[in-house]
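Worksheet: the structure to be examined is printed underneath.
Worth saying up front: this structure is predicted, and the values here are computed from it rather than measured. For reference, positions follow the sequence shown, starting with 1.
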Amino acid sequence: MGAGLFACLTPMAVGTAAQSELRWEPAATAAATPATQPTPVTGGSSPLLPPGTSSMPLASGFDTARFEAMAQAVVANQRVPGLAMAIVHKGEVISARGYGITDVSAAEPVDAHTVFRLASLSKPFAGTVTGLLVAEGSLRWDSNVADFMPALRFSQPEAAGKLTVADVLSHRVGLGRNTYDREIERNADYRNLVQKLAQAPMTCDVGECYSYQNVAFSLVGDVVFAATGQFFSEAVTGRIFKPLGMDDASYGLEGIQASPRWAKPHVRAGGGWRSLMPKPTYYRIAPAAGVNASISDMAQWLIAQSGRRPDVLPPPLLATLQQPLVSTPREMRSSSWRRERLNDAGYALGWRVYDYAGHRVVFHAGAVQGYRGLMAMMPDRDLGIVVLWNGESSLPTGLLPTILDSAIGLSPQRWLDVDLEEVDELQMADAAAHEPAAFPARASTPGPRGSGGATVSSARPD
């Protein structure tokens with residue numbers, strides 16, 4: 001990518017494709033739930049690759065059962081209380097399982113419909129619903145936020161009038177990193193913090209630099225409300241959750257608490273874990289950190305973001321959403337696998353975009369008290385991965401680079417701190433548990449299996 005390329009892409013993505021090519025007539029009212037959910041487009045090449053480009057096969061050593069055994073090893077002996085992982089390939093779910101437990105105080109197994117808090121994995125939903133409104137003609141990427149929020153002010157007198165929707169979604173507001181996040185953590189009201197933006201120091205002109213935000217990012221929710229008359233959460237539910245069949249997904253503290261089964265957040269306590277009630281703080285900034293979802297939901301989200309649900313998210317829209325607009329070189333140093341594997345990093349419209357060992361990866365992470373999550377898509381392999389867990393531990397992060405490395409055939413690295421002999425034993429035990437009975441003999445087609453959970457049927461959010 002590089003700084004020069006980012007500069008070139010900005011006017012192209014925001015000024016052309018986003019404004020003209022992304023208009024289409026929806027087949028049905030966006031807010032309506034289809035009577036029969038359309039099935040994803042499967043097989044063939046990724047819809048997100050350039051015309052004439054074919055998806056590359058997964059490397060020969062790619063072993064879904066082994067990744068599942070690794071996930072089971074992560075939760076063994078409560079190294080992490082509970083975890084859920086999904087892997088999708090060419091529009092099909094090849095694994096979506098839960099591991100471990102929802103709550104150390106009242107243990108229930110995590111399954112494919114156990115709901116987790118997503119924290120900043122919520123940001124791609126904000127970018128996507130905004131993109132749908134751009135496609136409908138309700139907004140433009142270069143629409144001025146001040147047109148929808150006339151009272152908005154920044155410390156630089158002209159800044160508010162320059163701020164565009166695309167600037168907000170790509171963290172190019174010009175404020176210092178994580179402006180007013182500490183106040184959110186102290187239960188400050190979002191509306192009051194929006195007013196206080198007039199006092200916040202600016203580190204650059206609007207649109208000129210990257211600086212990660214949660215409060216300022218959530219201005220897009222006010223824009224959505226002004227453009228549609230719908231609350232932000234209603235817009236996402238009607239345009240994304242329902243059409244994609246994300247039946248466990250919700251917004252807010254009330255949403256997760258109303259879920260039939262949900263994973264409690266956990267923090268370290270002595271030599272073990274202590275479960276908590278989720279804090280309402282970051283739920284107050286719904287666009288940045290408000291979504292709750294199960295791994296079953298997230299598998300459908302991966303499929304849609306891979307271009308396999310064009311009835312809901314057409315590939316031209318996704319191409320714009322996933323086009324980097326600003327360079328984020330700091331991301332290349334923030335963990336061991338990033339330092340080793342990333343050649344470049346940028347931020348698009350609610351998504352991070354990496355050069356991962358020469359392969360494009362669309363990514364986001366999320367973290368809030370007691371919850372963590374990672375999500376990545378590799379278009380040239382038509383592969384998607386998401387991992388959610390309910391404990392303040394970095395251990396499960398190693399699952400993601402382990403799977404990506406395997407997909408492209410890189411030599412195995414010890415990104416994941418688990419006992420490989422234990423993984424071997426778990427994999428053999430799982431294979432034995434799902435071995436078809438010797439009598440009567442019968443052919444069958446394998447599908448996503450059940451788990452050491454079940455099958456498909458604070459930190460600031462970052």
Side-chain angles (χ1 to χ4, degrees), residues 117-127 145 149 152-156 159-160 163 165-223 232 265 267 278-291 324-335 338 345-353 363-375 392 394 397 458-462:
R117 186 175 185 177
L118 298 192
S120 280
L121 290 182
S122 305
K123 289 184 171 70
F125 290 93
V145 174
M149 303 178 67
L152 182 66
R153 298 288 183 274
F154 293 107
S155 59
Q156 292 182 3
L163 184 69
V165 170
D167 292 331
V168 170
L169 290 170
S170 56
H171 302 286
R172 295 178 297 164
V173 181
L175 299 169
R177 188 171 184 266
N178 294 103
T179 292
Y180 293 142
D181 275 12
R182 290 183 180 177
E183 283 77 3
I184 284 288
E185 291 166 3
R186 297 181 189 125
N187 289 310
D189 178 72
Y190 165 71
R191 295 290 165 202
N192 292 337
L193 295 180
V194 170
Q195 294 177 0
K196 282 184 64 178
L197 290 175
Q199 306 164 26
M202 298 192 70
T203 58
C204 69
D205 289 337
V206 167
E208 295 298 318
C209 65
Y210 166 85
S211 186
Y212 194 82
Q213 303 295 321
N214 285 302
V215 174
F217 184 92
S218 296
L219 294 172
V220 74
D222 299 271
V223 172
F232 178 81
V267 295
K279 289 185 177 180
T281 50
Y282 282 102
Y283 276 133
R284 295 183 181 128
I285 45 176
V291 177
L325 299 178
V326 61
S327 182
T328 60
R330 203 170 142 179
E331 277 288 293
M332 298 164 61
R333 303 186 295 272
S334 60
S335 65
R338 289 177 176 89
Y347 206 94
L349 295 163
W351 285 109
R352 297 191 185 279
V353 183
F363 171 90
H364 219 288
V368 72
Q369 185 184 44
Y371 295 99
R372 299 288 185 273
L374 298 168
M375 177 176 174
E392 294 190 342
S394 62
T397 60
S458 143
R460 301 183 178 98
D462 192 18

Practice item. In sequence, state the C-alpha distance, the side-chain angles, and the governing distance for W351 and M375, and then conclude on side chain to side chain contact (heavy atoms under 4.5 Å, CB included). Key: CA-CA 10 Å; W351 285 109; M375 177 176 174; 3.5 Å; yes
Quiz item: Step by step, would you call H171 with Y347 a side chain to side chain donor-acceptor pair (under 3.5 Å)?
Solution: CA-CA 8 Å; H171 302 286; Y347 206 94; 3.3 Å; yes
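Atom CZ in R372 sits 10.5 Å away from atom OG1 in T397 (nearest 0.5 Å). Here the CG-CG distance, from L163 to L219, works out to 7.0 Å after rounding to the nearest 0.5 Å. Note that the CZ atom of F363 and the CG atom of L121 stand 8.5 Å from one another [nearest 0.5 Å]. Once rounded to the nearest 0.5 Å, the distance linking CG of D181 with CG of N214 reads 4.5 Å. For the atom pair OG of S170 and CG of L325, the computed distance is 5.0 Å after rounding to the nearest 0.5 Å. In this structure, R191 CZ and R284 CZ are separated by 13.0 Å, a value rounded to the nearest 0.5 Å.
Taking every heavy atom of both residues into account, P287 and V220 meet most closely at CB-CG1, 3.7 Å. When every heavy atom of Y282 is checked against every heavy atom of V368, the shortest pair comes out as CD1-CG2, 3.7 Å. Of all non-hydrogen atoms in S122 and A286, the two that sit nearest each other are CB-O, 4.3 Å. Between K123 and A288, the closest heavy-atom pair is NZ-O, 3.2 Å. Heavy-atom minimum distance, A367 versus A119: N-CB, 3.5 Å. C209 and T203 get closest at one heavy-atom pair: SG-OG1, 4.0 Å.
Between F125 and L118, some side-chain heavy-atom pair lies under the 4.5 Å cut-off. At a threshold of 4.5 Å between non-hydrogen side-chain atoms, the residues L169 and V165 count as touching. Side chains of M202 and Q156 form a contact here, defined as non-hydrogen atoms less than 4.5 Å apart. Put simply, the side chain of R153 does not reach to within 4.5 Å of the side chain of L197, judged on heavy atoms. Residues V267 and Q369 form a side-chain contact, since some pair of their non-hydrogen atoms from C-beta on lies under 4.5 Å apart.
S120 places no side-chain N or O within 3.5 Å of a backbone atom of G366 that could act as its donor or acceptor partner. When atom types are taken as modelled, the side chain of S155 and the backbone of A200 share a donor-acceptor pair closer than 3.5 angstrom. Checking side-chain atoms of Q213 against main-chain N and O of G174 turns up no donor-acceptor pair under 3.5 Å. Between the T179 side chain and the L175 main chain, no donor and acceptor come within less than 3.5 Å of each other.
A side-chain donor from one of D222 and Y190 sits under 3.5 Å from a side-chain acceptor of the other. Y371 and E392 form no side-chain donor-acceptor contact under 3.5 Å, judged by distance and modelled atom types alone.
Because its NZ or CZ atom is both nearer than 6.0 Å to the ring centre of Y283 and within 45° of the ring axis, R117 counts as a cation-pi partner of that residue.
With salt bridges taken as basic N to acidic carboxylate O contacts below 4.0 Å, one links E331 and R338.
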